[in-house]
Amino acid sequence: LFISITEEKPEVWKCATSEYGTYCQFPFIHNGSMHHQCTNLKDEEPEEVHCASSTLEDGSASDIKKCLLDSCVIGKF
C-alpha cells in the first residue's frame with residue numbers, strides 16, 4: 001500500500017482547557033487568523049495561552065478557553 005505524503009494527516013495538538021472535560025478544537029480561526037495550536041488571544045492575559053473550545057461550521061472560534069499546555073500531546077489523530 002502506497003500513501004503519498006500529501007495524504008498523511010498533519011501533526012495535531014490535543015490539549016485540555018481549563019474547563020474540565022473540554023478540549024481544544026484545532027484548527028480554529030480567531031480574528032481572521034487560523035491557529036493550529038494554543039496561542040495568546042487575550043491582550044489582558046499576556047502570560048496565558050488560549051484555544052477554541054468550540055468552533056462554528058466555517059472554523060471560526062465560537063468559544064475561547066484557557067489552554068492547559070501541560071496537558072498537550074502532539075500526534076496524528
Side-chain angles (χ1 to χ4, degrees):
L1 180 68
F2 176 78
I3 299 174
S4 73
I5 292 173
T6 56
E7 291 179 20
E8 277 189 24
K9 286 187 174 180
E11 287 188 336
V12 176
W13 284 47
K14 181 171 174 65
C15 303
T17 70
S18 55
E19 183 175 291
Y20 182 79
T22 303
Y23 289 86
C24 296
Q25 304 292 315
F26 297 114
F28 67 92
I29 299 168
H30 183 263
N31 288 344
S33 297
M34 184 170 286
H35 301 279
H36 295 271
Q37 63 193 42
C38 297
T39 189
N40 178 268
L41 298 173
K42 298 182 179 180
D43 291 339
E44 68 274 14
E45 298 175 13
E47 72 286 353
E48 304 289 356
V49 289
H50 310 91
C51 65
S53 58
S54 59
T55 56
L56 304 174
E57 278 186 32
D58 67 358
S60 297
S62 58
D63 193 26
I64 299 292
K65 297 255 188 277
K66 180 180 165 187
C67 176
L68 303 180
L69 281 179
D70 291 346
S71 72
C72 296
V73 291
I74 300 175
K76 298 179 193 304
F77 299 102

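Predicted, not measured: the structure shown is a model, and the values here were computed from it.
Screening residues 66-75 for salt bridge (Lys or Arg N to Asp or Glu O under 4.0 Å) gives E48-K66 as the qualifying pairs, with residues at least two apart or on separate chains. Here salt bridge (Lys or Arg N to Asp or Glu O under 4.0 Å) pairs that include residues 23-39, with residues two or more places apart or in two chains, number zero. Evaluation of the side-chain hydrogen bond (donor to acceptor under 3.5 Å, both in side chains) test over residues 15-28, restricted to residues two or more places apart or in two chains, returns E19-T22, E19-K65.
For E45, there are no salt bridge (Lys or Arg N to Asp or Glu O under 4.0 Å) partners, not counting sequence neighbours. Taking H30 as the reference, nothing meets the ring-ring contact (aromatic ring centres under 6.0 Å, His included) condition, with sequence neighbours excluded.
Expressed to the nearest 0.5 Å, how far SG of C67 lies from CH2 of W13 amounts to 7.0 Å. Note that the NE2 atom of H35 and the CZ atom of F28 stand 5.0 Å from one another [nearest 0.5 Å].
A pairwise comparison of heavy atoms in L68 and S71 identifies O-OG, 2.6 Å as the closest pair.
Using a 4.5 Å cut-off on side-chain heavy atoms (C-beta onward), C24 and C38 make contact.
Placement of L56 and L41 in two distinct hydrophobic clusters is found when ILVMFWY residues are connected by side-chain heavy-atom separations under 4.5 Å, directly or transitively.
Side chain of S54 to backbone of S62: no donor-acceptor contact under 3.5 angstrom is found.
More than 12 heavy atoms of other residues, nucleotides or ligands lie within 6.0 Å of CD in E44, so this atom counts as buried by the packing criterion.
Taking Ile, Leu, Val, Met, Phe, Trp and Tyr as members and joining any whose side-chain heavy atoms lie under 4.5 Å apart, directly or through other members, the hydrophobic cluster of M34 also contains I29.
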